[in-house]
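Beneath this line is the structure, given in structure tokens, with notes to follow.
First listed ligand is number 1; within each ligand, the first listed atom is number 1.
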Amino acid sequence: MSVRQVSQSRKQRLIATRVNRLSPSGIRKFFDLLASMEGVISLGVGEPDYATPWHISEAAIQSLEKGHTMYTSNSGMLELRHEISRYLKETYGVEYDPAGELLITVGVSEALDLTMRAILDPGDEVIMPDPHYVAYDSCVMLAGGEPVMVPTSQENNFEVGAADIEARITGRTKAILIGYPANPTGAVMSRDRLLAIAEVARRHRLLVVSDEIYARLVYGVEHTCFASLPGIKGNTILLGGFSKAYAMTGWRIGYAAASSDVIAAMTKIHQYTIMSAPTMAQVAAIEALKSGESSVLEMVEDYNRRRLVIVRGLNDIGLTCFEPRGAFYAFPSIASTGLSSEDFSEKLLLKEKVAVVPGSAFGQCGEGYVRCCYATSLTEIEEALTRMKRFVGKHKK
Ligand SMILES: Cc1ncc(COP(=O)(O)O)c(C=O)c1O
């Protein structure tokens, strides 16, 4: 072993094993490379290209001017919990008690982490689709659990099947984790498929963690809130947030809705690690729910226009892409180039200055695909497609 390797392994010994086990996010590497380059069109970062609607920002500014700069209740402002409760009831017909069944978090990111830490004992298993959002397996592992993958593919529109989930249930299975509309594929799940998962979860007495951060971003289909399905609300931990629909990624507000015992357990961790989500951001979230609807509809309409252009464009240049009906991602196959998804992404960035994310960053079944985020202007999408066409032309198998 070289001196460098010895000192590296010594350093690793100082770090907890469960952290050493995590691999760095495959997305970050590309963003670091991208940051050092000029003239890049980014289809990489998964966030809206809009600024937060001004009336939402203004509500927060006004609260600061009034001196509302203290902590809120650990659970979050009661008014915000009331608004979320009202919104979930009006939109999906599902009822949560603002007093004990809702917790305001620092984005869905925190809600996901709290969920896993609240429900998992060492070795407990959580079943999830592959590919999946980058934080899903990491949060499970950080909480001492074991992620168990269910392969999904373009052939079945990246929807996860109840029978495939059931086949992976063991005595250690604690929960099923799903996130539809999905990052990175843009897949949505039909109500029937979700009903079948609910039936499996009920029969095996499992929790279902449903990350519905992209619930508002659907195109020509309806989003089904998992908790609204008959007889499953008690088993469900519903995660939602403001980052995507209201273009509020930087405000860091999300929430968890679940039975009062689960929320109490999550709140225990939250009170020691976070205390309360940022106060002015909670005020902004209240305004978003009260009067942000027209902005959401405008943005969704715009994403839809871009979606149609990118999906058609990718298919035309030989990167076959199933029609994503949600979120703001296209997930084309790059099989026609014969490149691995990392090679494709790195070469495309260096040669044509277009940033996409290798599908392998989202799990083994993401290999052979790249994620293209279309939350960017139509002009940029069209220019990116021109550059990608040139690139693909040079790399035909
Ligand atoms: C599927 C999914 N869940 C959760 C998050 C985290 O969102 P937040 O900004 O609310 O922490 C993201 C962010 O990209 C996401 O794509």
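- At least one heavy atom of K244 sits closer than 4.0 Å to an atom of ligand 1.
- The distance from ligand 1 to the heavy atoms of Y136 drops below 4.0 Å at these ligand atoms: 1 (C).
- In terms of protein heavy atoms, atom 7 (O) of ligand 1 is closest to I213 CD1, 3.2 Å.
- Considering CG of D261 and CD of E101, their distance stands at 9.5 Å, rounded to 0.5 Å.
- At a 4.0 Å cut-off, not a single heavy atom of G241 sits close enough to ligand 1 to count as contact.
- Y214 counts as a contact of ligand 1, since one of its heavy atoms falls under 4.0 Å from the ligand.
- For the pair V357 and P184, the minimum side-chain heavy-atom distance is 4.5 Å or more.
- Aromatic pair Y369/F158: ring centres closer than 6.0 Å.
- For the pair M141 and P147, the minimum side-chain heavy-atom distance is below 4.5 Å.
- Panel note: side chain T236, backbone A227; no donor-acceptor pair is recorded below 3.5 Å.
- More than 12 heavy atoms of other residues, nucleotides or ligands sit less than 6.0 Å from atom CD of E293.
- D211 OD2, 3.4 Å is the protein heavy atom nearest to atom 2 (C) of ligand 1.
- The residue from Y133, Y329, Y255, Y180 that puts a heavy atom closest to atom 15 (C) of ligand 1 is Y133.
- Those atoms of ligand 1 that come under 4.0 Å of a heavy atom in R252, given as number and element, are 8 (P), 9 (O), 11 (O).
- Within the 4.5 Å cutoff, the side chain of L177 has no heavy atoms near those of the H132 side chain.
- Residue V106 places no N or O, backbone or side chain, under 3.5 Å from any N or O of ligand 1.
- Counting atoms of ligand 1 from 1 in the listed order, those under 4.0 Å from a heavy atom of S243 are 8 (P), 9 (O), 10 (O).
- Any N or O atom pair closer than 3.5 Å counts here, and S109 shares at least one such pair with ligand 1.
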